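For clarity, every value in this text was computed on a predicted model and none was experimentally measured.
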Amino acid sequence: MARQTHTIQVNFRGGIIPPGMLLELLDIAAAATVTHVRFGLRQQLLLDVPDKQLAAFNAACNDRQIVLSEHPNILSAYPAAGIFLHDTWLVEGIYKDVFNQFDYSPTLKINICDSKQTFVPLFTGHINWVSSGAVHYWHLYLRLPGSQELFLWPELIYTNSIAAVSKAAETLLRRGQSPAAVFADIKAQLPYLFREKDGEPELPAFHLPYYEGFNKYENSYWLGIYRRDEAFPVPFLKEVCRLCMETRTGQLYSTPWKSLVIKNIDPGHRYLWDYLLGKYGINVRHAANELNWQVEDNGEDGLILKRHIIRHFDVADVRTYGLCFSIRTQEQTSLFGNIVIRRRASRHGSKLKYMQRYDILYTAGFNANSSSLIPYREDVSKEQLGPYVTSLCRLFYEQRSETDMLQHFVKAQELPVAPADSGKKVHQCVACLTVYDEAVGDEEQQVPSGTPFAELPDSYCCSVCEADKDTFREVPAIV
């Protein structure tokens, strides 16, 4: 007989996980015979506690003032700050100031994100705060529960008003008021700081940064840990917490990709993390086309489909840069992605998995932030998913010619148009697409400008993903 469990959710606001608190929670979980935990799409921790242990688990959490929640976690781009984002006014301290404003537990989904990043989905919440170009002012997008329509607040709202406006908006949205009516009511009844908008928000094209493994930034490292089955062993995470505390590494961060990020790892401590990963056999170099997926929480069927399609990707050698895939097996779900695999309701009420059929859709213009879905193939069997999704990936690249991308870049940089191929060659890492330009060198690894690639030592590695030197390939430079 299968063991009966109850899924417990613990919210770490904005994805910030204090190691000491997590260690206490994991001790309680281990005492309740929990062997693995998971992280959810909203940066929350999920534990499957056996029913027989549930009362003792709840009591222990209550004794240690660990709050269990059934409400959505506040999602934020805090994990991206400092590693994927540098030139921005929205630094880590401002995120914390915003989180501290919330003296209540939101019952609707709230997203708090930097507009310059593409690591964290912007609009998967009902109340979506997106930073503007004006320091300390935010765009606000509202979405009524059960709807995919976004309403853009006509004003920019000041940082110190975020919690108050969120609380008022949540109350009105839960009553079923339209977002436009919510704006009118709050404008009439709630004093808040705002300024007039000086234009519509400009959002970057989606690109998911490689978020796994050891990565250098400034004078330290950050480490991303992804688990193919989404399950993190409790003993491993307990040692992660202890190592963070002993080395004063600071906080852990959970991501919307169900992974962990540890920042500020001192170079002198890297060997300790290598040892820990090796001790538990934790792999941290998965292919990029396995990392850009959104699968529902507690979604084993979705994971099975993901593995099936990725196997086809590997055989067909499919490129997925700039794409994000979501698998939807439930009727009401809010996932992020520009390619969507959606399970159809069974025509005959059958629960047999070989009878299940799927629709393949993509967002308008392949914009990952769009909620407008365009059908590509309908009523598809599981065996057909791999070839059809592969064809859709190719369509994505066909719609983005080199000329179009070059013109977009030139416009963004306000530079004169230059030839796409000047005859110059550079070396590019095939794992993460980082370029080594001999004319520039590699300042992070003390390689002076003018150093030919052939003269780099055999120990040279990619400065971003640390792939070996032999993973670089010579390619034409686009100037």
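When ring centroids are compared, F453 and F472 come within the 6.0 Å threshold. Checked against the 6.0 Å centroid threshold, W222 and F84 count as a close aromatic pair.
Looking at T249 and T247, their side chains do bring a donor and an acceptor atom within 3.5 Å of each other. Side-chain contact annotation: R42 with N11, donor-acceptor N/O pair under 3.5 Å absent.
Classified by interplanar angle (parallel below 30°, tilted 30° to 60°, perpendicular above 60°), the ring pair F396/F366 is perpendicular. Using the six-membered ring where Trp is involved, F119 and W257 have ring planes that are tilted, between 30° and 60° apart. Between Y158 and H136, the two ring planes are tilted [angle within 30° to 60°]. Ring geometry, F151 versus F183: the interplanar angle falls from 30° to 60°, so the pair is classed tilted.
In this structure, R270 satisfies the cation-pi test against Y221, with its NZ or CZ atom closer than 6.0 Å to the six-membered ring centre and inside 45 degrees of the ring normal.
Listed by first and then second residue, the side-chain hydrogen bond (donor to acceptor under 3.5 Å, both in side chains) pairs that reach into residues 93-105 come to none, sequence neighbours excluded.
Evaluated for a ring-ring contact (aromatic ring centres under 6.0 Å, His included) with Y253, the options F39, F12, Y78 yield exactly one hit, Y78. The residue from F232, Y226, F236 that alone fulfils the side-chain contact (heavy atoms from CB on, under 4.5 Å) condition with I282 is F236.
Using a 4.0 Å cut-off between charged side-chain N and carboxylate O, K258 and D297 make a salt bridge.
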